[in-house]
Protein chains: 2
Amino acid sequence: MATIRDVARVAGVSIATVSRVFNNHTLVNPETASRVLEVASQLEYWPNGAAQSLTTRRTHTLGVMLPELFGEFYSEVIRGIDRESRAHDYQILLSSSHSNGEEVLIAGRAMLGRIDGLIMMAPDEASIETVERVRRRVPVVLLNPRIEVEGCCSVAFENFSGARAAVEHLVGLGHNDIALITGPQGNVDAEERARGFRRALADAGLDPDAALVIPGDFRESAGYEAGVAILARRPRPTAVFAANDCMAVGLLAALRAAGRRVPRDIAVVGFDDIAMAAYLNPPLTTVRVDACGLGQQAVELMMGAMEAGATGGSVRQLLPAVLTVRQSCGAASAGTGYLEEAAGGAGPVRRGRK
Amino acid sequence: MATIRDVARVAGVSIATVSRVFNNHTLVNPETASRVLEVASQLEYWPNGAAQSLTTRRTHTLGVMLPELFGEFYSEVIRGIDRESRAHDYQILLSSSHSNGEEVLIAGRAMLGRIDGLIMMAPDEASIETVERVRRRVPVVLLNPRIEVEGCCSVAFENFSGARAAVEHLVGLGHNDIALITGPQGNVDAEERARGFRRALADAGLDPDAALVIPGDFRESAGYEAGVAILARRPRPTAVFAANDCMAVGLLAALRAAGRRVPRDIAVVGFDDIAMAAYLNPPLTTVRVDACGLGQQAVELMMGAMEAGATGGSVRQLLPAVLTVRQSCGAASAGTGYLEEAAGGAGPVRRGRK
DNA sequence: CGAAAGTATGAAACCGTTTACATACACAGC
DNA sequence: GCTGTGTATGTAAACGGTTTCATACTTTCG
């Protein structure tokens, strides 16, 4: 509760001097300084953050806005952001699970004056107004943006080429009736992955429009239901590409419940490479994206943008999405997925920085 | 960049009126109000958060401090905090991965004046000073505290009884040579779980000191190494209790790599019930704790504490830890763990709120 | 010895809000 | 025509810091 004034009074100096001591700005008499420090610690004086950022216009805080905080992917992103922010001495102000543009606007408003920059995940049309308004005061970095915004940096995954590689792999294994379980409509990642799926089929001389496409929503339950639908289909597809791993998990469960063997009866490929993918039965072939790295990249771009101020251009960055072959696609001949990766005596692998 | 003064000037009113319009405080002439609103939107005026919290002394932000942001457990906790905060219109200021007391203190200092309350995870001796200092200004809620702090609410899991139930279950299945893989030294959860382990053995007439205890650190790799050590032991334990699921995952991998079957050769029980536990091969018997619920509870206690101000007592809350029997312990006779839970046509279960 | 340069500190303006208090006006009741 | 009551708005003082500029006191040096 002690303010800078209290410290000044007790120490017998002016508030300017106290401020100088705490920001070791200009040279202060060492004797005075130690006296001030002494009094400050006695009074348990801690500078008030709000007041500081009001005058300095710096908050040492990064705003983070997510559409939802659901599933492992998002928490990995946050972990990446958090880790990198800490390295740069920034804290993060989190606001998530906004379902519509109005909410996003309110959240953005609440952040204003409290952040030095904003990292926004998967902005869509509804949140574009917020982005524009925030952008006029602090730098904004977009994660997997649906639409690029003039003057904003962005980081995204190579969803398209990742999905294409996955489906090409299935085609290469001899499959020519491949089903797709899509992500939620309107989701960029989902759409890009669907586009990659179609392109791979087309490139292989197959008709994308003839393929079975089941709408999903990135959740496990959607995968389960899709599995039921796929099993009912005649002729039955010989392979399925799920637009994310969560749905692949549900799909595997549905197939198992029906007594089908994977990959013998049906091959399955997912997307994301979540932590449990390697532990599934069978280990899931999927496309690996480094969610944590995405967050880190975003922070690094942000640091650059803050340094450059309004003069900096807007960097667009693409992070790789790499096909990771395990057993659910039927390509791997031996090993257990987990062991393959863990082998070498070094113990289990961890997905770490970069 | 427009301030309240700009709006006032253009609209031809005083700043007080503008402020009143935005806080729809006392009655303002509707005509004046709409004019102010009009000007404000034209000027893209957004109130400055830092300035607001300086005068009102409310930030609508909760501080969250974690020792590390690693593994699914923590991200679940954050999700719970985030979700509940949003419901109460609070944002969260996150600061994590502090390795020593000094860092915690700095982080706490940076938060001061920016938060209305602090939720601190797993505080130890090193961070106690920070807690004490913060506590003098805003309410503090402790998560799984190593030491209770006078005047702080806290939420924790019933680690002790959960672990005891797990080990009792193994004993009930006929095991009398049970090994323990511990968590990191100094971690409360780890120690409580170890205590539950010993108690269960003692209650069953077995000597806790005779049991094989392997020090771990909650990471997968520690579980793997522990597995190797356990297999080398003669006579070989017939069951293992891992202090968390991550280590159980590593353990299972080590056992599989050595060609041992679980639970036929060795029974395994974990703790936490992370998402992948039900998907492991075999599905992992473990003790379920609701990490997300922990976060939510913390926020609810915080809301109460903020309302009560300094007058409120300090609530201590315990959340249940429930044994969840799957197949790795050898008790379940049929089903696949996943299917058992997912059965009923309702699709896969999700761990949701409460 | 006096001017110039350097060091240590204080006074006061400012950051962008909220809010207690004062003021101004309109209208009712006597 | 006063006084009393509402309503609508303005003035100015906080809130807790940072920072520019001014001031006072030492040194240094020609």
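To find a chain, count down the sequence lines: A is the first, B the second, and so on, and within it residues start at 1.
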Side chain to side chain contact (heavy atoms under 4.5 Å, CB included) involving A:Ala190 - partner list, sequence neighbours excluded:
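Partners of A:Ala190 under the side chain to side chain contact (heavy atoms under 4.5 Å, CB included) test: A:Pro184, A:Asn187, A:Phe218.
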For B:Arg135, all residues meeting side chain to side chain contact (heavy atoms under 4.5 Å, CB included), sequence neighbours excluded
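If we apply the side chain to side chain contact (heavy atoms under 4.5 Å, CB included) test to B:Arg135, skipping adjacent residues, the hits are B:Glu132, B:Val140, B:Val149, B:Cys152.
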Quick one: bend of the helix from C:dC1-D:dG30 to C:dC30-D:dG1 from 5 pairs per end, to 10°?
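Axis angle across the helix from C:dC1-D:dG30 to C:dC30-D:dG1, nearest 10°: 60°.
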[X] side-chain N/O to [N] phosphate OP1/OP2 under 4.0 Å:
X       : N      : result
A:Gln52 : D:dT18 : yes
A:Tyr45 : D:dG16 : no
A:Arg57 : D:dT18 : no

Starting at CG of B:Leu54 and ending at C1' of D:dG16, how long is that distance when rounded to a whole Å?
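The distance from CG of B:Leu54 to C1' of D:dG16 comes to 6 Å, rounded to the nearest Å.
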To the nearest Å, give me how far apart CD (B:Glu31) and C1' (D:dT7) are.
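The answer, rounded to whole Å, is 15 Å.
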Span of DNA chain C in contact with chain A (heavy atoms, under 4.0 Å)
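On DNA chain C, the outermost contacted nucleotides are C:dA8 to C:dG16.
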List, one per line, each side-chain donor-acceptor pair under 3.5 Å for residues 102-113 of chain B, sequence neighbours excluded.
unit_1, atom_1, unit_2, atom_2, d
B:Glu103, OE1, A:Arg86, NH2, 3.0
B:Glu103, OE1, B:Ser99, N, 3.1

Only pairs at least two apart or in different chains count here, so list each ring-ring contact (aromatic ring centres under 6.0 Å, His included) that has a residue in residues 75-96 of chain A.
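For residues 75-96 of chain A, and leaving out neighbouring residues, the ring-ring contact (aromatic ring centres under 6.0 Å, His included) pairs sorted by first residue read A:His60-A:Tyr90.
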Would one find more than 12 heavy atoms of other residues, nucleotides or ligands at under 6.0 Å from atom CD of B:Gln317?
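More than 12 within 6.0 Å, yes.
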Kindly write out the residues that satisfy side chain to side chain donor-acceptor pair (under 3.5 Å) with [X], not counting sequence neighbours, or none if the list is empty.
X        : answer
A:Thr130 : none
A:Ser85  : none
A:Asn23  : A:Ser19

Quick one: which residue pairs count as a salt bridge (Lys or Arg N to Asp or Glu O under 4.0 Å) with a foot in residues 18-32 of chain A, not counting sequence neighbours?
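Every candidate salt bridge (Lys or Arg N to Asp or Glu O under 4.0 Å) pair involving residues 18-32 of chain A fails, so no pair, neighbours aside, qualifies.
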So A:Ser154 and A:Glu148, side chain to side chain contact (heavy atoms under 4.5 Å, CB included) or not? Walk me through it.
CA-CA 8 Å; A:Ser154 68; A:Glu148 295 289 357; 3.1 Å; yes
My understanding is that only residues two or more places apart in sequence, or in another chain, count here; which of them pass salt bridge (Lys or Arg N to Asp or Glu O under 4.0 Å) with A:Arg133?
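For A:Arg133, the residues satisfying salt bridge (Lys or Arg N to Asp or Glu O under 4.0 Å) (neighbours in sequence not counted) are A:Glu129.
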Just call it for A:Ser19: base, sugar-phosphate, or nothing, with non-hydrogen atoms closer than 4.0 Å on any strand.
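Since a base atom lies under 4.0 Å of A:Ser19, the category is base.
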Check every strand shown and say whether A:Phe22 touches a base, only sugar-phosphate, or nothing at a heavy-atom separation below 4.0 Å.
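No contact.
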Polar atoms only, N or O, under 3.5 Å: list the protein pairs with nucleotides 8-14 of chain D and their distances.
unit_1, atom_1, unit_2, atom_2, d
D:dT9, OP1, B:Thr32, OG1, 2.5
D:dT9, OP2, B:Asn29, N, 3.0
D:dT9, OP2, B:Thr32, OG1, 3.4
D:dG10, OP2, B:Ser14, N, 2.7
D:dG10, OP2, B:Ser14, OG, 3.1
D:dG10, OP2, B:Thr17, OG1, 2.8
D:dG10, N7, B:Arg20, NH2, 2.8
D:dG10, O6, B:Arg20, NH1, 3.3

